[in-house]
Amino acid sequence: MNNEAGQAARQPVAAEANPIYEDARRDTVQEHDQNRITLAQTQAWDASSRTPVLFGFVIALLWLMVGTWLGDISSFKFDWPDLLVSEAYLTFGRLRPAHLNVMVYGWASNAMFAVALWIMPRLCHTRLHWQRVALAGIAIWNMGVFMGVLLLLLGTSDGLEWLEFDRYSADPMMVAGALLVGMSVWKTLLARKVHHLYVSVWYVSASFPWFVIIFTAGNLPLYQGVESAAVNWFYAHNALGLWLTTINLGLIYYLMPKILGRPVYSYWLSLIGFWGLALFYALNGMHHLIGGPMPSWMIATSITASILMVIPVVAVGINQHMTVVGRFGAMRYSPALTLLVLAAMAYTAVSLQGIMTALVNINRVTHFTHWTIAHSHLGLYMFVTFSLFGGIYYILPKILQREWPSAALIRAHILLIVAGMVLYVVALGIGGVLQGLSLLDASQSFQASVEAAKPWLLTRSVAAVIITLGHIVFFMHVMWLLLMKTEPGARPASPFHAIIPVLVEDRTVHEGKPS
């Protein structure tokens with residue numbers, strides 16, 4: 001058995017009161033060649049990635065706070081249009097793309113770099129190779145993000161959604177940064193000491209070449225008019241499916257079975273999910289251009305590919321649900337598991353929603369409305385950000401060798417972000433449908449569609465404030481964890497004391513593949 005995340009001892013085990021010492025049981029697994037992976041080895045792999053992982057997470061959290069405030073102000077401008085209009089850099093047309101790019105490239109991508117650099121040594125059973133290259137990559141990437149955001153606020157934009165950063169100054173640095181981090185990931189993969197690759201390795205390692213290809217293609221200054229729109233949505237849709245989705249699915253596939261102490265339900269379903277995503281997702285983006293002056297074959301191909309995405313989505317959904325089924329009670333004792341389960345549910349929901357909205361009759365109502373914003377936040381926040389929050393809750397205590405100081409702050413953070421996002425998605429979903437129906441009614445003026453959405457936009461702003469409070473709580477808690485001092489050799493206490501046993505089902509495993 002050499003897929004670490006899918007292994008479990010064939011005997012009942014109890015969840016321990018201290019997650020740091022869970023690895024003494026869950027990381028000590030027997031491979032098919034009877035070699036044993038010890039806690040000391042796991043800690044050595046974590047130590048090899050400690051510096052770039054911490055760097056990635058800290059930078060990500062700083063960007064999270066910046067992006068949160070940019071998003072809040074953008075939201076408030078729908079309710080109070082005259083808010084902060086004295087300076088050009090405070091106008092909606094600059095703040096909104098700055099918010100989007102900060103959250104995607106500043107917060108999510110940096111956190112994903114850290115996740116990738118932490119997971120690969122563990123699943124490859126070797127230290128992280130080329131740590132300095134990874135560090136340099138993260139630094140160069142953030143120089144590009146900073147340059148791109150600064151230029152956006154100053155009025156320089158490429159004018160393409162998700163590709164607003166200046167292609168001649170910011171984008172080359174981001175490509176170079178992603179390449180350097182990817183080199184560290186792939187060097188670690190090539191130096192692996194295992195033969196069988198767990199599915200998380202597939203997702204994480206494939207993410208980097210995919211991102212470089214689609215980001216470079218999207219930024220080439222070769223396209224105009226209709227061609228530019230097609231390339232824009234080729235990138236924008238694939239940035240979600242072949243970058244943000246892949247690393248986070250790899251994280252969920254790794255941590256969910258590990259926290260539960262049981263194998264992933266089906267190795268083969270996990271591969272169907274991976275290859276289905278690889279084969280079908282790249283063709284989906286054109287459904288954003290239904291009704292535009294695009295060739296019919298291009299739109300039809302995109303709709304067909306969107307429908308075929310039901311195969312990997314259902315495969316992943318069944319696999320993750322069956323891995324957790326019977327163990328949902330463990331969510332009470334693991335904040336990481338709680339967020340990962342919610343993220344997995346959101347992935348299934350947003351994917352099925354995306355398939356549905358690719359259909360012409362539904363797209364006619366929802367497109368160019370606030371429904372699209374609700375849909376994107378269901379994916380970018382309830383899937384991607386929940387997953388990354390869960391990863392941070394699990395990973396930071398491992399690499400810092402100390403526990404989170406406050407259970408109350410963890411509960412407050414999760415309650416605020418879940419409540420805020422449910423309110424956000426529901427409000428904009430309803431408002432978007434009402435707006436779309438009003439726009440399709442020839443007897444109503446455009447102003448009527450604005451009035452139909454207005455109360456739901458105010459609800460969105462209330463939800464944004466709730467989410468912001470959750471981010472402040474999380475940021476303060478992470479800083480507390482990073483700066484707190486513990487006595488050498490002291491056994492840190494877990495903030496979750498009331499742990500009850502979680503039994504692991506006896507299951508035959510052959511070479512890391514659950515039967």
Side-chain angles (χ1 to χ4, degrees), residues 3 5 56 60 103-105 107-120 122-124 137 141 162 174-175 177-179 181-186 188-189 197-218 234-256 264 267 269-285 305-306 308-309 311-317 319-320 340 343-344 346-348 350-351 354 376 378-388 390-391:
N3 62 319
M103 296 304 286
V104 172
Y105 304 118
W107 150 245
S109 295
N110 277 292
M112 287 158 52
F113 288 154
V115 165
L117 295 170
W118 179 79
I119 280 182
M120 290 301 289
R122 282 181 160 230
L123 288 176
C124 294
W141 171 277
W162 291 60
M174 294 173 64
V175 171
L179 279 172
V181 177
M183 287 169 60
S184 177
V185 167
W186 273 83
T188 303
L189 174 62
L197 296 180
Y198 184 60
V199 66
S200 294
V201 177
W202 289 76
Y203 278 112
V204 171
S205 58
S207 299
F208 289 89
W210 281 346
F211 174 79
V212 171
I213 291 170
I214 63 174
F215 191 73
T216 301
F234 163 78
Y235 170 75
H237 209 74
N238 285 321
L240 177 61
L242 301 182
W243 174 239
L244 296 166
T245 293
T246 45
I247 290 182
N248 282 284
L249 281 183
L251 176 65
I252 293 171
Y253 264 122
Y254 177 74
L255 284 186
M256 189 180 286
V264 68
Y267 176 78
L269 276 178
S270 66
L271 289 187
I272 291 173
F274 173 82
W275 286 109
L277 181 76
L279 290 171
F280 302 137
Y281 203 96
L283 301 173
N284 286 358
S306 297
L308 288 173
M309 272 297 296
I311 298 172
V313 168
V314 170
V316 171
N319 210 11
Q320 294 175 345
L340 292 168
Y347 170 73
T348 303
V350 74
S351 299
S376 64
L378 181 59
L380 285 173
Y381 197 100
M382 294 192 78
F383 167 46
V384 172
T385 294
F386 277 18
S387 172
L388 293 173

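For this chain, numbers begin at 1 and follow the sequence in order. All values reported here derive from a predicted model rather than from experimental measurement.
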Give, for atom [atom1] of [X] and atom [atom2] of [Y], the distance between the pair rounded to the nearest 0.5 Å.
| X | Y | atom1 | atom2 | result |
| --- | --- | --- | --- | --- |
| W210 | N238 | CH2 | CG | 9.5 Å |
| L117 | T188 | CG | OG1 | 7.5 Å |
| T246 | N248 | OG1 | CG | 8.0 Å |
| Y347 | L340 | OH | CG | 15.5 Å |

Hey, are the side chains of L380 and M103 touching, using non-hydrogen atoms and a 4.5 Å cut-off?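 Heavy-atom side-chain distance check fails, nothing below 4.5 Å.
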Does the side chain of V199 come within less than 4.5 Å of V264's, by heavy atoms?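 SC-SC contact between V264 and V199 ruled out.
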I'd like to know if the side chain of Y203 reaches the main chain of T245, judged simply by a donor and an acceptor atom lying under 3.5 Å from each other, with no hydrogens or angles considered. no
For V314, the side-chain contact (heavy atoms from CB on, under 4.5 Å) test, sequence neighbours excluded, returns V310, I318
Check side-chain contact (heavy atoms from CB on, under 4.5 Å) between A108 and all other residues, then give those that pass, not counting sequence neighbours. M112, L244, V384, L388
I'd like to check the side chain to side chain donor-acceptor pair (under 3.5 Å) partners of [X]; sequence neighbours left out, ordered by chain and number.
| X | answer |
| --- | --- |
| S109 | W243 |
| T385 | W107 |
| S205 | none |
| N319 | Y253 |

So which heavy atom on [X] is nearest to which on [Y], and how close?
| X | Y | answer |
| --- | --- | --- |
| L255 | G391 | CD1-CA, 4.0 Å |
| M256 | Q320 | SD-O, 3.8 Å |
| V212 | A178 | CG2-CB, 4.2 Å |
| S351 | V313 | CB-CG2, 3.3 Å |
| I247 | V204 | CG1-CA, 4.4 Å |
| I252 | S387 | CG1-OG, 3.9 Å |

Check ring pair (Phe, Tyr, Trp, His ring centres under 6.0 Å) between W118 and all other residues, then give those that pass, not counting sequence neighbours.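 Residues passing ring pair (Phe, Tyr, Trp, His ring centres under 6.0 Å) with W118: Y254.
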F215: partners by ring pair (Phe, Tyr, Trp, His ring centres under 6.0 Å), with sequence neighbours left out: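 F215: ring pair (Phe, Tyr, Trp, His ring centres under 6.0 Å) contacts with F211, Y235.
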Answer yes if the ring centres of W141 and F113 are under 6.0 angstrom apart, and no otherwise. yes
Which pairs would a plain distance check flag for residues 269-283, meaning a side-chain donor or acceptor within less than 3.5 Å of a matching protein atom at least two apart in sequence or in another chain?
residue: S270; atom: OG; partner: Y267; partner atom: O; Å: 2.4
residue: Y281; atom: OH; partner: H237; partner atom: NE2; Å: 3.4

